[in-house]
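Throughout, protein chains are lettered first and strands after them, A, B, ... in sequence-line order, and every chain is numbered starting at 1.
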Amino acid sequence: MVTAAATASKTRRPATGAAAPADAVLAWYDRHRRALPWRARPGERPDPYRVWLSEIMLQQTTVTAVRPYFERFLTRFATVEELAAAPAEAVMQAWAGLGYYSRARNLHACARAVAARPGGRFPEDEAELLALPGIGPYTAAAIAAIAFNRVAAPVDGNVERVITRFYAIEEALPAAKPAIRARTAALVPPPRPGDFAQAMMDLGATICTPKRPACALCPLTGPCAARRSGLQETFPRKAPKREGALRHGAAFVCVRADGAVLLRTRPPRGLLGGMAEVPGSDWTSSPNPAAWAAAPLAARWRRLPGIVRHVFTHFPLELAVARAEVAQGTPVPAGCRWAPAASLGGEALPNLMRKVLAHAGVEVRPVDG
DNA sequence: CAATCGTGGGC
DNA sequence: TGCCCAAGATT
């Protein structure tokens with residue numbers, strides 16, 4: 001190592017130059033890369049559809065959570081063309097439970113945009129990728145690098161952690177993002193941008209972890225600035241975040257004689273946009289007795305004991321639940337529909353609503369894919 | 001820039 | 001248990 005660095009310094013590359021960390025990371029990656037369903041094996045050409053689909057699903061979502069959804073999507077929508085041709089409801093249903101539902105809507109729009117392109121192929125250029133729905137700075141760089149081996153530097157949470165530690169960047173997130181991006185871009189090895197991007201993510205996910213990083217196993221442990229001072233766990237610095245206030249509401253589970261349940265579809269934008277829900281009140285900052293007036297129809301409502309708690313990213317929610325049984329001929333309230341018991345599993349029900357139904361004793365059987 | 005937008009898992 | 005976090009994008 002020392003010899004190589006010394007030699008390099010005489011060929012106009014300083015010993016502490018840009019290539020050294022990338023070489024170390026790539027050598028580590030060649031031995032320790034994770035095998036993932038969407039990742040090409042060494043020597044294989046990556047499939048842009050798989051890369052894109054996985055990158056969208058992995059936004060703010062763990063590998064463990066994504067894996068089954070990714071497999072299911074590939075089965076149901078084997079190509080971009082198939083995904084583009086599918087009805088929106090099918091896409092939302094396949095996404096239900098994964099969270100951040102605007103991703104599903106943008107995924108569908110992006111598939112249609114790509115399918116409409118010449119040859120139905122993804123653009124290879126980072127700037128063109130960035131223009132597609134649901135593809136932001138990170139994902140554009142990730143697809144360009146991983147699917148097409150373009151020189152690009154995707155910066156996700158893993159990379160932010162590795163880089164802020166390696167350079168001991170004191171500036172707090174999110175203000176430090178431009179500096180982190182510049183530092184990362186300067187490290188990208190032109191021959192292997194895709195491997196470098198994935199290597200940095202693997203490093204952050206398995207070695208340079210948020211808590212108790214395994215510095216002894218890290219290929220960058222020597223030159224890592226944070227490690228030298230023993231402060232690795234204190235990076236990245238983060239601006240304090242404020243927590244959302246508790247909200248309250250009421251939900252109404254209305255079961256028809258044949259077991260059908262009264263549902264409606266939420267507005268396409270905003271929280272749980274486009275997803276199915278049981279009728280309910282607004283969610284307010286204090287418990288509101290008037291919430292019970294939001295019942296979708298007149299019936300013998302029984303308030304169920306207990307409460308459904310749910311935590312969104314920016315606020316916690318407590319939902320009181322009422323249940324009623326109604327006759328077979330009960331008319332459908334405006335904006336609602338009867339969902340047959342057997343097809344509840346085929347509804348785009350977010351987990352909050354699955355909790356509510358479970359609380360009310362309604363079973364949601366998974367419908368075969 | 002700051003808010004909004006889900007869910008599950010780990011410690 | 002409560003808090004932090006996870007391959008961010010959009011407005």
Side-chain angles (χ1 to χ4, degrees), chain A residues 34 36-39 50-70 92 95-107 109-110 129-147 152-162 172-178 180-181 184 194 196-206 208-213 233 236 238-247 266-275 277 309-317 348-355:
Chain A
R34 290 179 291 175
L36 298 169
W38 44 84
R39 179 175 282 181
R50 286 176 166 247
V51 173
W52 163 71
L53 180 58
S54 68
E55 289 300 340
I56 302 299
M57 286 186 166
L58 286 163
Q59 289 167 4
Q60 296 293 288
T61 309
T62 59
V63 167
T64 303
V66 164
R67 193 173 255 123
Y69 281 84
F70 179 81
M92 300 308 288
W95 196 278
L98 197 53
Y100 286 138
Y101 298 101
S102 65
R103 289 186 299 173
R105 194 168 41 253
N106 287 330
L107 182 85
C110 185
L129 287 162
L130 186 57
L132 291 168
I135 297 184
Y138 161 77
T139 307
I143 296 173
I146 297 171
V155 177
D156 70 335
N158 291 308
V159 177
E160 285 177 348
R161 194 165 52 251
V162 172
L173 289 171
K177 281 176 180 289
I180 296 169
R181 173 170 278 281
T184 307
F196 180 70
Q198 294 174 94
M200 291 289 279
M201 294 183 220
D202 278 16
L203 193 57
T206 65
C208 196
T209 49
K211 295 172 186 171
R212 300 180 60 83
E233 280 194 64
K238 292 193 176 181
K241 58 192 165 196
R242 62 195 76 189
E243 62 195 67
L246 174 64
R247 299 184 201 179
R266 293 178 62 87
R269 307 276 169 189
L271 189 68
L272 305 176
M275 303 298 285
E277 70 173 358
R309 300 174 197 280
H310 192 75
V311 180
F312 293 105
T313 301
H314 50 300
F315 67 90
L317 174 68
L349 288 165
N351 269 24
L352 167 61
M353 289 302 148
R354 290 172 189 264
K355 285 188 195 175

What do the steps show when you test Trp95(A) against Tyr69(A) for side-chain contact (heavy atoms from CB on, under 4.5 Å), and what is the final call? CA-CA 7 Å; Trp95(A) 196 278; Tyr69(A) 281 84; 5.7 Å; no

Backbone of Cys208(A) reached by a side-chain donor or acceptor of Arg161(A) within 3.5 Å: yes

Separation of atom [atom1] in [X] from atom [atom2] in [N], rounded to whole Å:
X         : N       : atom1 : atom2 : answer
Phe312(A) : dA3(B)  : CZ    : C1'   : 16 Å
Leu349(A) : dT7(B)  : CG    : P     : 11 Å
Asn158(A) : dC5(C)  : CG    : P     : 13 Å
Leu107(A) : dG8(C)  : CG    : P     : 16 Å
Met200(A) : dA7(C)  : CE    : P     : 12 Å
Ile180(A) : dG8(C)  : CD1   : P     : 13 Å
Arg105(A) : dT4(B)  : CZ    : C1'   : 13 Å
Leu132(A) : dT10(C) : CG    : C1'   : 15 Å

As a test of reading the structure: which of [options] is closest to the side chain of [X], going by heavy atoms?
X         : options                 : answer
Leu352(A) : dA9(C), dG8(C), dT7(B)  : dT7(B)
Leu271(A) : dG8(C), dC5(B), dA7(C)  : dC5(B)
Thr139(A) : dT7(B), dT10(C), dG8(C) : dG8(C)
Asn106(A) : dT10(C), dA6(C), dG8(C) : dT10(C)

Phosphate-side-chain proximity, [X] and [N], N/O vs OP1/OP2 below 4.0 Å:
X         : N       : result
His314(A) : dC5(B)  : yes
Gln59(A)  : dG8(C)  : no
Tyr100(A) : dA6(C)  : no
Arg269(A) : dT10(C) : no
His310(A) : dT7(B)  : yes

How long is the straight-line distance from [atom2] of [Y] back to [atom1] of [X], given to the nearest 0.5 Å?
X         : Y         : atom1 : atom2 : result
Leu271(A) : Arg266(A) : CG    : CZ    : 5.0 Å
Thr139(A) : Glu55(A)  : OG1   : CD    : 6.0 Å
Lys177(A) : Glu160(A) : NZ    : CD    : 3.5 Å

What residue pairs, at least two apart or across chains, pass salt bridge (charged side-chain N to carboxylate O under 4.0 Å, His left out) with a residue in residues 96-106 of chain A?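 Qualifying pairs: none.
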
Who pairs with Ala147(A) by side-chain contact (heavy atoms from CB on, under 4.5 Å), at least two apart in sequence or on another chain? Pro48(A), Val51(A), Ile143(A)

Within the structure shown, what part of the strands sits under 4.0 Å from [X] by heavy-atom distance: base, sugar-phosphate, or nothing?
X         : answer
Val66(A)  : nothing
Arg161(A) : sugar-phosphate
Ser54(A)  : nothing
Ile146(A) : nothing
Trp38(A)  : base
Gly270(A) : sugar-phosphate
Ser102(A) : nothing
Leu98(A)  : base
Gly273(A) : nothing
Pro154(A) : nothing
Pro174(A) : nothing

Not counting sequence neighbours, which residues clear side-chain hydrogen bond (donor to acceptor under 3.5 Å, both in side chains) with Thr209(A)? List them please. none

Ignoring hydrogens and angles, are the base of dA7(C) and the side chain of Arg50(A) linked by a donor-acceptor pair under 3.5 Å? no

Is any N or O donor-acceptor pair between the side chain of Thr61(A) and the base of dG6(B) shorter than 3.5 Å?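 Indeed there is one.
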
Counterpart residues, ring-ring contact (aromatic ring centres under 6.0 Å, His included), relative to Tyr138(A) (two or more places apart):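 With neighbours one apart ignored, the set is empty.
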
Nearest non-hydrogen partners of Ala140(A) and Ile135(A), listed with the distance: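 Nearest heavy atoms, Ala140(A) then Ile135(A): N-CG2, 3.4 Å.
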
Locate the shortest heavy-atom distance separating Pro316(A) from Gly244(A); write the atom from each residue and the value. CD-O, 3.5 Å

By nearest-nucleotide position on DNA chain C, the 5'-leaning member of Ala205(A) and Ile135(A) is Ala205(A)

Let's test your reading of the pairing rules: Watson-Crick or G-U wobble, both distances under 3.5 Å, then write DNA chain C as a dot-bracket string with ( ), [ ], | and dots. .|||||.||||

Using the P atom in both, what is the distance from dT4(B) to dA7(C), to the nearest Å?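 The answer is 24 Å between these two P atoms.
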
For atom P, what is the distance between dC5(B) and dA6(C), given to the nearest Å? 22 Å

Report all interatomic pairs (protein N or O, nucleotide N or O of nucleotides 2-4 of chain C) with separations under 3.5 Å.
none

Under 4.5 Å between any side-chain heavy atoms of Arg34(A) and Gln198(A), yes or no?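 They are not in contact (no side-chain heavy atoms under 4.5 Å apart), so the answer is no.
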
With nearest nucleotide decided by heavy atoms, which residue, Pro350(A) or Ala175(A), maps closer to the 5′ end of DNA chain B? Ala175(A)

